[in-house]
Protein chains: 2
Amino acid sequence: MTVTAAAGFEAAGIAAGIKRSGALDLAVVVNRGPSQAAAAVFTSNRAKANPILWSEQVIVDGTVSAIVLNSGGANCFTGPEGFQVTHRTAEATASALSVSAGDVLVCSTGLIGDQLDGEVLEEGVLSAVNRLASDAVAGDDAARAIMTTDTKPKTVVIEGGGWRIGGMAKGAGMLAPGLATMLVVLTTDADLPAADLDTALRAATRVTFDRLDSDGCMSTNDQVTLLASGASGAVPAVDVFTEALTEACRNLALQLQGDAEGASHDITIEVRGAASEDDAVEVGRSVARNNLFKAAIFGNDPNWGRVLAAIGTTQAPFDPYLVDVSMNGVRVCHAGRPDAPRDDVDLTPRATHVLIELHAGEASASIFTNDLTHDYVHENSAYAS
Amino acid sequence: MTVTAAAGFEAAGIAAGIKRSGALDLAVVVNRGPSQAAAAVFTSNRAKANPILWSEQVIVDGTVSAIVLNSGGANCFTGPEGFQVTHRTAEATASALSVSAGDVLVCSTGLIGDQLDGEVLEEGVLSAVNRLASDAVAGDDAARAIMTTDTKPKTVVIEGGGWRIGGMAKGAGMLAPGLATMLVVLTTDADLPAADLDTALRAATRVTFDRLDSDGCMSTNDQVTLLASGASGAVPAVDVFTEALTEACRNLALQLQGDAEGASHDITIEVRGAASEDDAVEVGRSVARNNLFKAAIFGNDPNWGRVLAAIGTTQAPFDPYLVDVSMNGVRVCHAGRPDAPRDDVDLTPRATHVLIELHAGEASASIFTNDLTHDYVHENSAYAS
């Protein structure tokens, strides 16, 4: 069901001809109301794509009628012509739906530096608007149309009390935050104003998408959008809604991790005993970005020395001679010294748990990452070809 | 000739039995004076190996009689027993040479978390001291004895006016700074006091080893040591000496880059037009650490979009729509937009030049890195086995 699971939403996903493969490459999601409240968070990369520059303006008033998303090209570093293509896409969508272009978000994903064809996008938008529907097939087509190197669509539905959250996401590489680093559209038929949606969305992404760090590379095009139709008539408490939204975001984030380019391990790095949550995140992220650690996990090697070397590069308070490290339940390092034999650790399962106990405080956080594999190198050396 | 090229120095490299392979694994370099002035810089990793903790104390008074170095084990995160092994190694060396243990530096390199055998090291030291010589063979053996995954020894000799600098280095992975990230011993027969040596060494490493960033991973054991015997009787001006020392360090740094684990490209990232030198370094390092960029270079793909995406994650002042990017002399991005066709770029040579012109100021810097290859993943997933 994805984005059409929530009442008040229609979607479509079509093959507009942007991808040479002929695969689905353009999605439209429309909010039929009665409310059109919305919130969005964008990449913190300072090199932003044209659709980000556009969408940052659209979201200012908290009102969004529709969002149009294309795969097959990021429309990033394509100059004023590229911005005109984004603008034209929004205008075509607005015209077909009889809404204001200023209420249409645009998202693009694919290779940086390739110019998109405005004519192809405009025709695609018209075709997609003609196919809008509120059923499961339409929602699923939309989720497929935003895929790039993803091997499967990522969707979620969360049931509230008389209201729902639906969502779709794409992303398989450049998964590191600053925030989102992927395209995500979340819909809800709860009736909440834009300010509450914004609060809930920032709270949810902070502990989900922001904690996903597949390869340390931050995209130029990431956007997480939340659209609320109010069609259920239900007005949940903001904290209850935030909890459900966080669950939806966590579910999608773990789907992104599970489909990361070339990965053979989904690694949760849990940091406990940090002096602050920020310290825990910094330590977890430093380990998640350490290529030597990532390659070791690929080789099923519980190389805890690389974990400690990575922690040592952070600013977080810790004593190297108090740190414990466990891998898949086996404590291989205790108080900065060898503990259980490396051979006791079984790293063959895809799901991998690394627990770091800093003994520097009470705060904790988990970072979600992947290993560094031959397939990652292969996919990312051949992406443009 | 390496470290024995400068008058006043003797060296030895032997197989002490630390490495199971039976390869050379222990080196001693002795300064016979008349001066025993010295300077050293150490890893900025806060997780420091036992030999670093020891050597940081030894260097305080600027006097060093000898340095003993072993491969086959990093002696890092090995607890108080590990520190005792370092202490015992220094004592054994001091006793055999009739000097103070407080004037003996110790360096170790290899796997983190493995305990070294103090008995083996002590016997190795005695054997090495018996073989000390000032000839080319002795210097070459020492350079070979500190190798880990290095495929060849790294040595340098610089001729001053009546004085010389000799050097040896090891390092093939974990090449990222904070400072050194490798073991380097430099000798000179120039007669300079420890304070001048320290000034010269810090100036030289700042623009050489500190600009080498092979894989973004910072070692726990890195140390660059400069020993001066004064045996030439020459007293060069500090700036003249610093220039020669910088040349020696640059030469060794490029040898380290050229032998980086699994690399197929030696990449110079030159950043021009930055607002400050620090900004230029930050931008260059951000690109050098971007796995997607590194994998693209491995695939001979001039993917400049990944360069811009990496720049966008920095704090350096720049306008994404003014940036130019050239690869091997072909400007593929001009003012943030596609310029020459990607196909015009030939990335098949091992030497790769990426020029980034920020148009934000007058400062510049170059960072030296490598590509991300299948061989890198293979070597680093199998290192411990």
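Order of the sequence lines sets the chain letters (A, B, ...), proteins ahead of strands, with each chain counted from 1.
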Between B:H374 and A:H378, what is the ring plane arrangement, given parallel below 30°, perpendicular above 60°, and tilted in between? parallel
Cut-off 4.5 Å, heavy atoms of chain A, and the answer for B:Q315 is backbone
Verdict with reasoning, A:N291 to B:Y376, per side-chain contact (heavy atoms from CB on, under 4.5 Å): CA-CA 9 Å; A:N291 279 351; B:Y376 177 90; 3.6 Å; yes
Distance col, row A:E81:CD vs B:R337:CZ, nearest 0.5 angstrom, shows 4.0 Å
Is chain A contacted by the side chain of B:T373, its backbone, both, or neither, given a heavy-atom distance below 4.5 Å? backbone
Starting at OH of A:Y321, measure out to OG1 of B:T78 and round the result to the nearest 0.5 Å. 7.0 Å
side-chain contact (heavy atoms from CB on, under 4.5 Å), that's the test. Do A:L372 and B:L372 meet it? Break it down for me. CA-CA 10 Å; A:L372 179 59; B:L372 179 59; 3.9 Å; yes
Top contributor to chain A interface from B:A295, B:C76, B:G299, B:A74 [non-hydrogen pairs under 4.5 Å]: B:A295
So which atom in A:I112 and which in B:A309 form the shortest heavy-atom distance, rounded to 0.1 Å? CD1-CB, 4.2 Å
I need the minimum non-hydrogen distance between B:R342 and A:D114, along with the two atoms involved. NH2-OD1, 4.3 Å
Identify the heavy atoms of B:F77 and A:P338 that sit nearest to each other, and give their distance. O-CD, 3.3 Å
To the nearest 0.5 Å, what is the distance between NZ (A:K48) and CG (B:L308)? 14.0 Å
